[in-house]
Amino acid sequence: MSFGKRPAVKRYEHGSRVPGWDEAVDLTKPPATVPDPALTPVPEELRASIEHSMGEYPDFHSASIPALHMAQDYHGWLSPEAIEQVACVMQLTPAYLTSVASFYDMFSLQPKPKHDVYVCTNITCSLLGADDFFEVMSVAAEGHDIGVRGFECLGACDIGPMASVDGEFVGPLNLDDAQLIVEDIEAGRSVLEHKQLRHRAVADPNGRVSDWTGIDPVGQGDQA
Amino acid sequence: MTQHLLFERIDEPGLNTIPVYEKRGGYSALRKALDMPPAAIIEEIKQSGLRGRGGAGFQMGMKASFLPKGDMAKYLVCNADESEPGTFKDRELMQKSPHSLIEGIIITTFATGIHEAFIYIRGEYVLQAEILEAAIAEAQAAGYIGENILGSGHSLKLVLHRGAGAYICGEETGLLDSLEGKRGNPRLKPPFPAIEGAYHGPTLVNNVETLATVPTIMNMTGADYALIGSQGSTGTKLVSISGDVQRPGNYEVVLGTSSREIIYGLCGGPKPGHEIKMWFPGGSSSPVLLPEDLDLAYDFDTLAKAGSMLGSGAIIVVDETHSALEIAQKLTKFYAHESCGKCVPCREGTNWTHKMLARIESGEATPMDLDILASVQTQIIGNCLCVLGDAMAMPVGSIVAKFREELEAEIEAARERANAVPFVELQEAIPVGAH
């Protein structure tokens, strides 16, 4: 008997599902230690912002997530060099920072495209058709410097199906919007201005005002 | 009965700045509170009966009173890592009325003798983080945050901390680990954060909506606030409604309002020609309810009695066009991805359940698998450090229990598609349970 269609699984060396499992570790080298400040050049503005962040907390370790954000913004992704620079400023081992970075979805330890499109594919958005949008969006972004990812609930189910384009929440999306998103990104414009969450009125009628100039999802206006 | 405390004209332009917020009476609650003895403020919050709005529904005044008194390094952490699927109330509140949260934080820190507070906001909320950052700077410039606030002798440092995308960081101890710059793994409790939390100091962890309600309580007194809502569930609640409804969004409702009134009255019910198949009353982690449960009062105790929970106040409505299997698969995929991996029942249970459901779809399952599926869910619940595993086991368990016939039909249909032996024939060949 044959059991339905199985989804194709991405495979790596030797048929493994896990990338890099057999990447050789040079056992002759000692483990990476805290980088030597004298030998690790760190861009001055990156150093300054990390150091500022370290001073914000009772324990400087708290700055590791903010610092990784800064390094990722600066370098585009968390390259070994970027990790090493953070490790140097914070005087931590690269292993510690890598362990933190690998836990969180927004950090990328692989080179990534410049623009991020997170398509929410969690329950509400998928009820409303997000899976189809994700596929169309992935195709539309091919050949552009845009990374499309299916993401867990982004906290904007009221505009589902929705996506976060470089941090800007847009929705509700239809399949035609995928192409428009790509065009807006390429043109350097504000993405889907007429569907941005920031312009949207609250759904609760009592929260509304009559002089609202943004998007009015229901069109009830001020009922007071 | 309608009552609007947090959302009253929240769309007013400029409400995210101090001049407009003050014009509407903002920061008057802070002035009033600073003239009161700290213990009286906690008493006021206790009297209000305010229950935590993040999910667990623990009495806020009670939690605050657990903190040791005296001068020591204590912390307040505002949980703004709103990542429960279906929940987006704090997002709207922080974006449009950030000062109500900040004022609530200042009052709470004064009442509990805390001098350092953090707002842990999820990394995906970029706009909201920018607005909060600006609002904190503005409050600092106006003298509401800093040394000797309004001459009261109370000082406070408030730091906005951005997360980086992990559902588990909404769990209070996972959040504390993440705040300390680690992977967001939950901790063993006890000690509870009120005794030993961030940086080993006593820590009060509260949701955004809970803290933002504190100024309202100070303005109207705890006794008056307790008059709103129903027995055991006082006040109003921000409810996020999404899914197959006509007007999704955030609504402020008085606790105890009927669920039908919320879903049909406020949101217009399901789209024309469709009907509700199931609904999640409190985020995707709450056991599902059926259309016949729509007349339940929307409050903590009634929903708990009905076998579900109010959770974060996120109603997800599912209509009849979606299969129970599809819903269960979406849920398990999410929880399997987000399990931090620390506790075995959750790490293995979520992944195992996800694979089990995939077997139904591919035609490899038999109806007996549903029994195993249900039993696995009961073995996850209560056996981990935090409730992430429970958060999958509860809704999936309820779907298996309430949609068993549909799932069995799905199993047979999938077996037919895969040309597998129909289960009925299998059962005749090997009688199940025969001795």
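For A:Y96, the part sitting under 4.5 Å from any heavy atom of chain B is the side chain, from C-beta outward, and nothing else. With a 4.5 angstrom heavy-atom cutoff, B:C267 does not touch chain A via any of its atoms. Interface remark: A:L92 contributes no atoms to any contact with chain B (heavy atom separation under 4.5 Å). If you measure heavy-atom distances from B:L238 to chain A, you find no contacts under 4.5 Å at all. Both the backbone and the side chain of B:F334 come within contact range of chain A, each with at least one heavy atom under 4.5 Å from a heavy atom of that chain. Of the two parts of B:E12, the backbone and the side chain both hold a non-hydrogen atom closer than 4.5 Å to a non-hydrogen atom of chain A. For A:T213, no part lies under 4.5 angstrom from a heavy atom of chain B. When heavy atoms are compared at a cutoff of 4.5 Å, B:R91 approaches chain A solely by way of its side chain, counted from C-beta outward. Only the side chain of A:D131 comes within contact range of chain B, with heavy atoms under 4.5 Å apart. In this structure, no portion of B:S240 lies under 4.5 Å from any heavy atom of chain A. Only the side chain of B:E116 comes within contact range of chain A, judged by heavy atoms closer than 4.5 Å. Heavy atoms of B:V317 lying under 4.5 Å from chain A belong exclusively to its backbone. Within the 4.5 angstrom heavy-atom criterion, no atom of B:Q246 approaches chain A. Of the two parts of B:L331, only the side chain, counted from C-beta on, holds a non-hydrogen atom closer than 4.5 Å to a non-hydrogen atom of chain A. Of the atoms belonging to B:T321, not a single heavy atom falls under 4.5 Å from chain A. Neither the backbone nor the side chain of B:K89 comes within less than 4.5 Å of any heavy atom in chain A.
Of the residues listed (B:T236, B:I241, B:L266), the one engaging B:V253 in a side-chain contact (heavy atoms from CB on, under 4.5 Å) is B:L266, and it is the only one.
In summary, the aromatic rings of B:H161 and A:Y57 are positioned with their centroids under 6.0 Å apart.
Side-chain atoms of B:Q329 and B:H354 form no donor-acceptor pair, as typed in the model, at a separation below 3.5 Å. Judged purely by distance below 3.5 Å, without hydrogens or angles, the side chains of B:S285 and B:E84 pair a donor atom with an acceptor atom. Side-chain contact, A:Y74 with A:S49: no donor N or O sits under 3.5 Å from an acceptor N or O.
Chain A forms more heavy-atom pairs under 4.5 Å with one residue of B:G243, B:A164, B:G181 than with any other, namely B:A164. Interface remark: of the candidates B:S83, B:P13, B:G165, B:G165 forms the most heavy-atom pairs closer than 4.5 Å to chain A. Ranked by heavy-atom pairs under 4.5 Å with chain B, the first of A:D166, A:L97, A:L197 is A:L197. Ranked by heavy-atom pairs under 4.5 Å with chain B, the first of A:I159, A:D59, A:I123, A:L154 is A:L154. Annotation: maximal heavy-atom pairing with chain A below 4.5 Å, among B:E92, B:E82, B:E338, occurs at B:E92. Chain A forms more heavy-atom pairs under 4.5 Å with one residue of B:S178, B:C340, B:A358, B:G201 than with any other, namely B:S178. The candidate with the highest count of non-hydrogen atom pairs below 4.5 Å against chain B, out of A:S99, A:S164, A:G160, A:G167, is A:S99. Most heavy-atom pairs under 4.5 Å with chain A: of the set B:A166, B:A314, B:C169, B:S242, this distinction falls to B:S242. Comparing A:R198, A:E152, A:H61 by heavy-atom pairs within less than 4.5 Å of chain B, the highest count is held by A:E152. Among B:Y167, B:F7, B:F280, the residue with the largest count of heavy-atom pairs under 4.5 Å with chain A is B:F7.
Salt-bridge check for B:D11 with B:K96: passed, with a basic side-chain N closer than 4.0 Å to an acidic carboxylate O. With salt bridges taken as basic N to acidic carboxylate O contacts below 4.0 Å, none links B:D319 and B:K271. By the 4.0 Å N-to-carboxylate-O rule, A:D216 lies close enough to A:R208 to be salt-bridged with it. Under a 4.0 Å N-O distance rule, the pair B:E364/B:R415 does not qualify as a salt bridge.
Side chains of A:V119 and A:R149 form no contact here, defined as non-hydrogen atoms less than 4.5 Å apart. In this structure the side chain of A:I65 reaches within 4.5 angstrom of the side chain of A:F107, judged on heavy atoms.
Rounded to the nearest 0.5 angstrom, A:Y12 OH and A:R17 CZ are separated by 11.5 Å. Put simply, NE2 on B:H322 and OG on A:S126 are 7.5 Å apart, with the number rounded to the nearest 0.5 Å.
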Starting from the C-alpha separation in whole Å, work towards a yes-or-no answer on side chain to side chain contact (heavy atoms under 4.5 Å, CB included) for A:V34 and A:M90.
CA-CA 9 Å; A:V34 177; A:M90 294 189 70; over 6 Å; no
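A cation-pi arrangement, defined by a distance under 6.0 Å to the six-membered ring centre and an angle within 45 degrees of its axis, is present between B:R122 and B:Y125.
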